[in-house]
Asker: 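One structure, as structure tokens, below. Some questions next.
The chain is numbered in sequence order, starting from 1.
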Amino acid sequence: MNLFGKKPATLSDVVRRVQAGEQKFDPSLREFLDWFYMNPNARQQAIEERPASIDAVHDAYTAAVAEHLARVYGLQIPEWTEVHGNGLREPFFAGGLQSLKGVLVAESPTAFRRRLLFVSKDALSRPRM
């Protein structure tokens, strides 16, 4: 586990950690988001490199994160987001609760929705430091 190490500075770092068995996807992504929000001058670089493939859900999620962050922060949307993470054939609903599906469909940002990922509107928010 990466309790005291350096936070992942790119989405590719997130995937490398997952593939190496160093960290699960969700905590690694949260650490990346903390780093991304605290380093505005490095944001474009943080999403630029195409990550390796994990599986259909995580590939779609990394592509959606990159596209969404680029749109929100006025960055260039990386080209790799158009070809990476398009393997989902069934919708994925965060949380897995049937009762939340309607809310998630309504709230999910476009970058996620177009990849059949349905998340809350604040799925990428982090507590303020």
Side-chain angles (χ1 to χ4, degrees):
M1 216 182 243
N2 184 40
L3 295 177
F4 302 104
K6 186 177 161 192
K7 292 182 188 280
T10 68
L11 282 172
S12 290
D13 289 345
V14 170
V15 171
R16 279 192 280 276
R17 286 177 182 214
V18 171
Q19 290 179 322
E22 295 173 18
Q23 209 171 20
K24 299 263 187 222
F25 183 82
D26 290 345
S28 188
L29 180 65
R30 285 191 300 268
E31 286 188 2
F32 163 76
L33 291 170
D34 289 342
W35 189 93
F36 180 89
Y37 296 140
M38 292 187 314
N39 293 279
N41 293 332
R43 288 178 178 161
Q44 185 70 53
Q45 183 179 345
I47 61 172
E48 201 58 45
E49 181 185 350
R50 180 180 178 168
S53 182
I54 300 175
D55 59 44
V57 171
H58 290 102
D59 293 352
Y61 208 93
T62 55
V65 167
E67 179 184 331
H68 182 72
L69 291 174
R71 290 183 188 283
V72 169
Y73 290 95
L75 306 172
Q76 183 178 348
I77 298 171
E79 290 182 20
W80 63 264
T81 63
E82 288 302 314
V83 295
H84 185 83
N86 295 327
L88 275 183
R89 299 294 172 246
E90 298 287 325
F92 175 83
F93 292 90
L97 296 175
Q98 191 72 19
S99 60
L100 290 178
K101 285 185 177 183
V103 172
L104 297 178
V105 167
E107 288 188 354
S108 195
T110 302
F112 290 85
R113 202 170 41 243
R114 74 185 196 94
R115 290 176 176 86
L116 298 178
L117 295 169
F118 298 94
V119 299
S120 67
K121 65 182 175 198
D122 60 347
L124 302 183
S125 68
R126 299 292 298 140
R128 299 284 181 224
M129 301 251 172

Asker: Anything under 30° is parallel, anything over 60° is perpendicular, the rest tilted; go ahead and classify H84 against W80.
Answerer: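 Because their plane-to-plane angle is over 60°, the rings of H84 and W80 count as perpendicular.
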
Asker: Are Y37 and W35 in one and the same hydrophobic cluster, where Ile, Leu, Val, Met, Phe, Trp and Tyr link if side-chain heavy atoms are under 4.5 Å apart?
Answerer: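 Result: no, two separate clusters.
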
Asker: Please step through ring-ring contact (aromatic ring centres under 6.0 Å, His included) for the pair Y61 and F92, ending with a clear verdict.
Answerer: CA-CA 10 Å; Y61 208 93; F92 175 83; 7.6 Å; no

Asker: Nearest 0.5 Å, please: how far is CD in E79 from CD in E48?
Answerer: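 Separation between the atoms: 8.5 Å.
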
Asker: Between R50 and E82, is the closest basic N to carboxylate O distance under 4.0 Å?
Answerer: no

Asker: Do the side chains of I47 and F36 get nearer than 4.5 Å, heavy atoms only?
Answerer: yes

Asker: Any side-chain heavy atom of R115 within less than 4.5 Å of one from T81?
Answerer: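 Yes, at least one pair of side-chain atoms sits under 4.5 Å.
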
Asker: Looking at every non-hydrogen atom in both residues, tell me the closest pair between L104 and S120 and how far apart they are.
Answerer: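 Between these two residues, the closest heavy atoms are CD2-N, 3.4 Å.
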
Asker: Using modelled atom types only, decide if a donor and an acceptor are shared between the side chain of S28 and the backbone of Q23 within a distance under 3.5 Å.
Answerer: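 No.
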
Asker: Tell me, do V18 and H58 make a side-chain contact under 4.5 Å, heavy atoms counted?
Answerer: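 Heavy-atom side-chain distance check fails, nothing below 4.5 Å.
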
Asker: Donor-acceptor pair, S108 side chain versus V119 backbone, under 3.5 Å?
Answerer: yes

Asker: Backbone N or O of R17 within a donor-acceptor pair of the E22 side chain at under 3.5 Å?
Answerer: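 No: the side chain of E22 does not pair with the backbone of R17.
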
Asker: Do F118 and R113 make a side-chain contact, defined as non-hydrogen atoms from C-beta onward lying under 4.5 Å apart?
Answerer: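 Contact flag for F118/R113 side chains = yes.
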
Asker: Is there a donor-acceptor contact under 3.5 Å from the side chain of Q76 to the main chain of Q44?
Answerer: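 Judged by distance alone, no pair lies under 3.5 Å.
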
Asker: Does the Q19 side chain pair with the main chain of S53, one donor and one acceptor, at a distance under 3.5 Å?
Answerer: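 Yes: the side chain of Q19 pairs with the backbone of S53.
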
Asker: Can you confirm whether F112 sits close enough to H68 that some side-chain heavy atom of one is under 4.5 Å from a side-chain heavy atom of the other?
Answerer: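 Contact flag for F112/H68 side chains = yes.
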
Asker: Do I77 and V65 belong to the same hydrophobic cluster, where Ile, Leu, Val, Met, Phe, Trp and Tyr are linked whenever their side-chain heavy atoms lie under 4.5 Å apart, directly or via other members?
Answerer: no

Asker: Is atom CZ of R114 surrounded by more than 12 heavy atoms (other residues, nucleotides or ligands) closer than 6.0 Å?
Answerer: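 Correct, the count exceeds 12.
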
Asker: If I take atom CG from residue L116 and atom CZ from residue R89, how far apart are they, to the nearest 0.5 angstrom?
Answerer: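 Reported to 0.5 Å precision, the distance equals 8.5 Å.
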
Asker: Are L124 and Y73 connected into the same hydrophobic cluster when the rule is that any two of I, L, V, M, F, W, Y join if their side-chain heavy atoms are below 4.5 Å apart?
Answerer: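 Same cluster.
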
Asker: Could you state whether I54 and L29 fall into the same hydrophobic cluster, counting links through intermediate Ile, Leu, Val, Met, Phe, Trp or Tyr residues with side-chain heavy atoms under 4.5 angstrom apart?
Answerer: yes

Asker: Is any side-chain heavy atom of R16 closer than 4.5 Å to one of T10?
Answerer: yes

Asker: To check you understand the geometry: which heavy-atom pair defines the closest contact between A60 and L88, and what is its length?
Answerer: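 So the minimum-distance heavy-atom pair works out to CB-CD1, 4.1 Å.
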
Asker: For V14 and T62: C-alpha separation, side-chain torsions, deciding distance, then whether side-chain contact (heavy atoms from CB on, under 4.5 Å) applies.
Answerer: CA-CA 9 Å; V14 170; T62 55; 5.5 Å; no

Asker: Give, for atom CZ of F32 and atom CG of L69, the distance between the pair rounded to the nearest 0.5 Å.
Answerer: 6.0 Å

Asker: Roughly how far, to the nearest 0.5 Å, is the CD atom of E31 from the CG atom of D26?
Answerer: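 If we round to the nearest 0.5 Å, D26:CG and E31:CD are 12.0 Å apart.
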
Asker: Answer with yes or no whether the hydrophobic clustering places V103 together with L117; edges join I, L, V, M, F, W, Y residues whose side-chain heavy atoms lie under 4.5 Å apart.
Answerer: no

